[in-house]
Protein chains: 2
Amino acid sequence: MTDFLSQCRAIVGAAHVLDTPAEMASFLTDQRGRYTGKAVAVLRPGSVDEVAALVRACAEHRVALVPQGGNTGLVLGSVPDTSGRQVLLSLARLNRVRKIDPINRTMTVDAGCILQHIQEAAAAEGCLFPLSLAAEGSCTIGGNLSTNAGGTGVLRYGNTRELCLGLEVVTPQGEIWSGLRGLRKDNTGYDLRDLFIGAEGTLGVITGAVLKLYPQPKASITALAALESPSDALQLLVLMQDHCGASLTGFELMSRYCLELVAQQFPALPKPFAQPHPQYVLLELSSSESEQHAVGLLEQAIGAALERGVIQDAVVASSVAQSAGLWQLREHISPAQAKAGKNLKHDISLPVSCIADFIEVTGPKLDAAFPGCQLVCFGHLGDGNLHYNVAPPPGISNEEFLANQDRVSRVVYDSVESFNGSISAEHGIGALKRDELVHYKSAVELNMMRAIKAALDPLGIMNPGKIL
Amino acid sequence: MTDFLSQCRAIVGAAHVLDTPAEMASFLTDQRGRYTGKAVAVLRPGSVDEVAALVRACAEHRVALVPQGGNTGLVLGSVPDTSGRQVLLSLARLNRVRKIDPINRTMTVDAGCILQHIQEAAAAEGCLFPLSLAAEGSCTIGGNLSTNAGGTGVLRYGNTRELCLGLEVVTPQGEIWSGLRGLRKDNTGYDLRDLFIGAEGTLGVITGAVLKLYPQPKASITALAALESPSDALQLLVLMQDHCGASLTGFELMSRYCLELVAQQFPALPKPFAQPHPQYVLLELSSSESEQHAVGLLEQAIGAALERGVIQDAVVASSVAQSAGLWQLREHISPAQAKAGKNLKHDISLPVSCIADFIEVTGPKLDAAFPGCQLVCFGHLGDGNLHYNVAPPPGISNEEFLANQDRVSRVVYDSVESFNGSISAEHGIGALKRDELVHYKSAVELNMMRAIKAALDPLGIMNPGKIL
């Protein structure tokens with residue numbers, strides 16, 4: 001290890017090889033504070049060539065490396081294990097926007113760029129980079145790509161995967177693959193780009209990317225609809241898409257309990273309805289034409305939904321400011337849960353058409369297993385993605401409930417599986433869901449994944465213990 | 001081989017193992033009639049289990065297989081070589097639409113379904129399957145997926161890759177991977193789906209797919225704009241996208257020479273302008289609201305373009321019927337070329353912002369090498385995809401010109417490379433462009449592709465000689 005660390009210092013300079021506990025601490029604990037790993041050192045390369053040289057040193061000395069961006073992941077994908085034999089490779093110093101091409105509508109960036117800086121750089125050119133999620137102030141695009149992050153823009157613009165045209169990757173052999181293509185069409189062999197996207201750093205280190213930009217919409221307007229049931233929410237989704245097409249840019253489901261929790265914990269936030277309703281949908285419409293066009297189209301569609309009895313009531317924001325207020329309700333669900341106590345989180349997805357049935361059958365199953373447990377069920381309904389969180393029954397301590405974590409998750413995931421859903425919609429697998437992956441994936445699929453891992457990373461030095 | 005064929009007959013029935021030259025003929029010649037291969041037999045399985053059993057027989061007897069859908073490919077990807085030792089695996093009998101889910105907006109289909117049937121089945125449910133290309137009456141979705149086909153809907157809806165949520169694949173070991181997920185978000189390990197898409201049957205046989213459906217637009221309206229230059233066409237693209245966002249569903253460039261060729265060969269087609277112009281753009285706008293909305297938005301955007309001098313003149317179709325007439329001009333370019341004589345085709349893509357510069361520098365290079373050659377340059381400008389075809393100079397015979405094929409292509413592809421473009425935008429590599437791939441791809445990328453091929457298909461039985 002002494003040899004190895006000297007080599008690393010020669011590559012990046014001694015100042016960028018951190019090896020004291022104090023220097024390393026913030027890199028080794030995951031963002032929810034549930035886990036702390038150990039590392040030989042934290043390496044902070046300042047260029048792609050330095051990344052490549054460090055990976056070659058790791059390969060030579062058989063040292064496993066864990067790439068890390070903003071360390072905001074939720075599945076323990078970007079922290080090392082507790083062996084103390086891995087190194088942490090921080091991409092944070094690779095944070096340049098390399099190029100913006102407003103005619104090609106692309107932006108070429110370093111992997112360590114913070115998502116919000118990318119959004120701002122796009123906006124400065126009159127463009128939109130539509131990836132948006134709670135951690136955007138500190139997560140990096142390399143991490144977003146490696147976990148194929150989702151967020152609130154997926155309904156219209158797709159996941160991070162769909163927002164990327166090209167990649168630059170340092171391979172497990174320490175070679176640089178320059179796949180930074182800004183092409184909308186390119187059918188020249190295997191799709192390596194999409195193999196590295198979502199691979200959580202287990203096949204190589206993403207160091208740069210070409211991102212897609214979109215025209216900035218002229219206005220986005222939201223409405224909050226009150227509904228009888230998740231089944232009505234599905235009817236509303238179909239109706240809205242038929243009326244509004246690609247102008248429908250957000251469709252978020254929230255149960256009555258979610259908004260009650262927000263009202264309890266954040267009493268200053270707006271309370272749009274006098275009476276409670278079983279379910280709510282936050283709708284967002286964006287127009288390339290004008291605010292008037294967006295408001296008109298939204299009011300027309302909401303009118304049709306009221307007329308058909310699909311919704312019980314609705315509030316349409318009359319301004320961009322009022323729209324932001326409605327979004328705050330949605331954004332405060334997770335903070336409200338955190339203030340209220342511990343809960344078990346499940347980031348799941350289902351065929352959109354199965355959401356209502358899933359909610360209907362899974363609640364009673366959980367209640368049978370853990371009488372009185374509280375469901376905090378909300379999420380990106382338009383994408384079939386629910387954040388299906390379970391809080392302890394009143395009177396049960398957090399500790400006692402958390403001890404049941406595996407049993408709770410088994411009930412939820414078994415139900416997900418019965419509807420052909422996914423146990424990780426937008427967070428990835430990391431170390432946290434690795435055993436679940438083996439439980440739910442077919443042997444055929446796991447074997448193909450293992451064969452690819454062994455083919456590209458035969459020494460097994462790239463983020464071992466994550467995914468597989 | 002006798003053993004092998006008996007085994008095949010036992011699996012699919014003797015009637016579905018074709019081995020006489022007459023029975024096999026139509027499967028062995030490519031659709032442009034340039035190449036004829038040989039085969040041990042043509043196998044026509046009727047179910048996924050039969051495909052799997054046939055692949056196991058191939059693996060056991062080390063017989064290489066060539067999957068084929070509608071045999072409409074343009075790069076010799078779906079015809080066997082001339083060794084006479086390969087079998088052709090026709091997916092044509094797997095042609096069921098398995099399921100349509102209008103709420104999830106998905107359709108599950110067999111790989112052998114003809115594209116047009118899929119479009120029609122979607123339309124019958126009030127949905128749109130947006131993949132559309134010239135061969136749609138006979139190509140199959142399995143071939144579209146294996147070549148990641150493009151077509152005219154890419155600007156708004158993406159390539160075939162973006163239209164697929166899940167796959168069913170028979171692996172080179174003859175196992176069935178059931179990846180038929182209808183999920184918008186699923187981050188559970190490596191993206192095998194996108195690895196098989198575009199792999200041209202070299203990693204496995206696609207037998208089924210879950211496709212994305214979209215709301216059917218209420219109306220699509222076209223306009224034909226006349227412009228001074230490709231550079232103005234790029235200005236028009238930016239202006240149209242800023243005005244119309246996702247409503248802009250088509251943006252096709254055609255040079256003056258293209259429309260002159262169409263007028264010569266098909267004099268009955270409309271002639272929208274009294275005077276010729278250097279370039280034309282066919283624009284299509286689709287509205288989820290109404291025909292009036294589409295026409296109004298298109299006229300407004302065209303008005304802005306005229307005012308800013310970006311276009312010289314324009315005709316806006318006043319009805320859906322007139323729109324079809326304008327599309328006919330675009331669709332008759334290839335037939336007009338075919339009637340006029342031989343030409344060398346190049347299906348290339350470039351960063352959209354480089355298209356004007358590419359056209360400006362490449363024409364003179366070709367003219368220097370082959371004085372008087374005629375360029376038929378048109379394509380999906382919004383996707384950066386040009387069909388850049390070169391016809392012989394007057395007085396030079398087809399034969400003499402075709403003898404120069406490699407030199408012509410070298411000039412075109414070297415120019416493409418200098419702009420970081422692609423030598424195959426939407427047709428794939430097949431056997432035709434395999435040597436070009438080695439010429440233009442980096443060793444790092446080729447080595448990763450070869451490692452994946454060897455890992456998944458260690459016996460090398462899946463469509464050998466294609467891509468790699």
Side-chain angles (χ1 to χ4, degrees), chain A residues 101 103-104 147-148 150 154 159 162 171 175 177-178 181-192 194-195 197-199 215 217 234 238 241-246 288 349 351-353 383-385 420-429 437 442 444-445 448-449 451-452 454-456 467, chain B residues 101 103-104 147-148 150 154 159 162 171 175 177-178 181-192 194-195 197-199 215 217 234 238 241-246 288 349 351-353 383-385 420-429 437 442 444-445 448-449 451-452 454-456 467:
Chain A
D101 180 342
I103 295 180
N104 197 37
T147 57
N148 186 25
V154 175
N159 297 287
E162 282 84 37
T171 70
E175 296 181 300
W177 172 48
S178 299
R181 296 166 198 138
L183 303 174
R184 255 73 187 176
K185 288 184 173 174
D186 177 26
N187 283 348
T188 52
Y190 303 153
D191 181 10
L192 300 176
D194 283 309
L195 194 56
I197 294 174
L234 294 182
V238 171
Q241 288 182 324
D242 283 342
H243 268 73
C244 309
S288 56
S349 74
V352 176
S353 51
D383 317 320
N385 179 192
N420 296 313
S422 167
I423 61 163
S424 185
E426 55 177 7
H427 296 168
I429 297 297
L437 194 75
S442 71
V444 174
E445 186 163 348
M448 285 195 284
M449 286 169 52
I452 290 166
L456 296 184
I467 300 184
Chain B
D101 181 342
I103 294 180
N104 198 37
T147 57
N148 185 24
V154 176
N159 297 287
E162 282 84 37
T171 71
E175 296 181 301
W177 172 49
S178 299
R181 296 167 198 137
L183 303 174
R184 255 72 188 177
K185 287 184 173 174
D186 177 26
N187 283 347
T188 52
Y190 303 152
D191 181 10
L192 299 175
D194 284 309
L195 194 57
I197 295 175
L234 293 181
V238 171
Q241 288 182 324
D242 283 341
H243 269 73
C244 309
S288 56
S349 73
V352 175
S353 50
D383 317 318
N385 180 193
N420 295 313
S422 166
I423 62 164
S424 184
E426 55 177 6
H427 295 168
I429 297 297
L437 194 74
S442 72
V444 174
E445 185 162 351
M448 286 195 284
M449 287 169 52
I452 290 166
L456 297 184
I467 300 184

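In this text, all values refer to a predicted model and were calculated from it rather than measured experimentally. Residue numbers begin at 1 in each chain, while the letters A, B, ... track the order of the sequences. For the numbers below, each heavy atom of this structure counts, side chains included, while hydrogens, waters and symmetry mates do not.
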task: Please report the closest heavy-atom contact between B/M449 and A/Y190, naming both atoms and the distance.
output: O-CE1, 3.4 Å
field: Non-hydrogen atoms of A/A451 and B/L456 that approach each other most closely
entry: CB-CD2, 4.3 Å
B/S349 side chain to A/L183 backbone, donor-acceptor under 3.5 Å: no
- prompt: So, does A/N187 use its side chain to make a donor-acceptor pair with the main chain of B/T147 at under 3.5 Å?
  reply: yes
query: Is the closest side-chain heavy-atom distance between B/D191 and A/I197 below 4.5 Å?
result: no
message: I'd like to check B/R184 versus A/N385 (side-chain heavy atoms, cut-off strictly below 4.5 Å). Are they in contact?
response: no
field: Spacing of CG belonging to A/L195 relative to CG belonging to B/D194, to within rounding of 0.5 Å
entry: 9.5 Å
- request: Kindly compute the distance separating NZ (A/K185) from NE2 (B/H427), expressed to the nearest 0.5 Å.
  value: 8.0 Å
Identify which part of [X] has an atom lying under 4.5 Å from any heavy atom of chain B, answering side chain, backbone, both or neither.
X      : answer
A/I429 : both
A/E175 : side chain
A/T188 : both
A/V238 : both
A/N159 : side chain

query: With sequence neighbours left out, what residues match A/S422 under side chain to side chain donor-acceptor pair (under 3.5 Å)?
result: B/D186
Report the option among [options] that has the most heavy-atom pairs separated by less than 4.5 Å from atoms of chain B.
options                : value
A/G384, A/G150, A/C244 : A/C244
A/I452, A/D383, A/N420 : A/D383
A/R181, A/E426, A/E445 : A/E445
A/Q241, A/E162, A/H243 : A/Q241

task: Check side chain to side chain contact (heavy atoms under 4.5 Å, CB included) between A/D101 and all other residues, then give those that pass, not counting sequence neighbours.
output: A/I103, A/N104, A/T106, B/S353
query: Using non-hydrogen atoms only, which part of B/S424 is less than 4.5 Å away from chain A: side chain, backbone, both, or neither?
result: both
query: With chain A, which of B/A246, B/A455, B/P351 has the greatest number of heavy-atom pairs at distances under 4.5 Å?
result: B/P351
Interface residue of largest heavy-atom contact number with chain A, from B/A425, B/G182, B/A454, B/P215, under 4.5 Å: B/A425
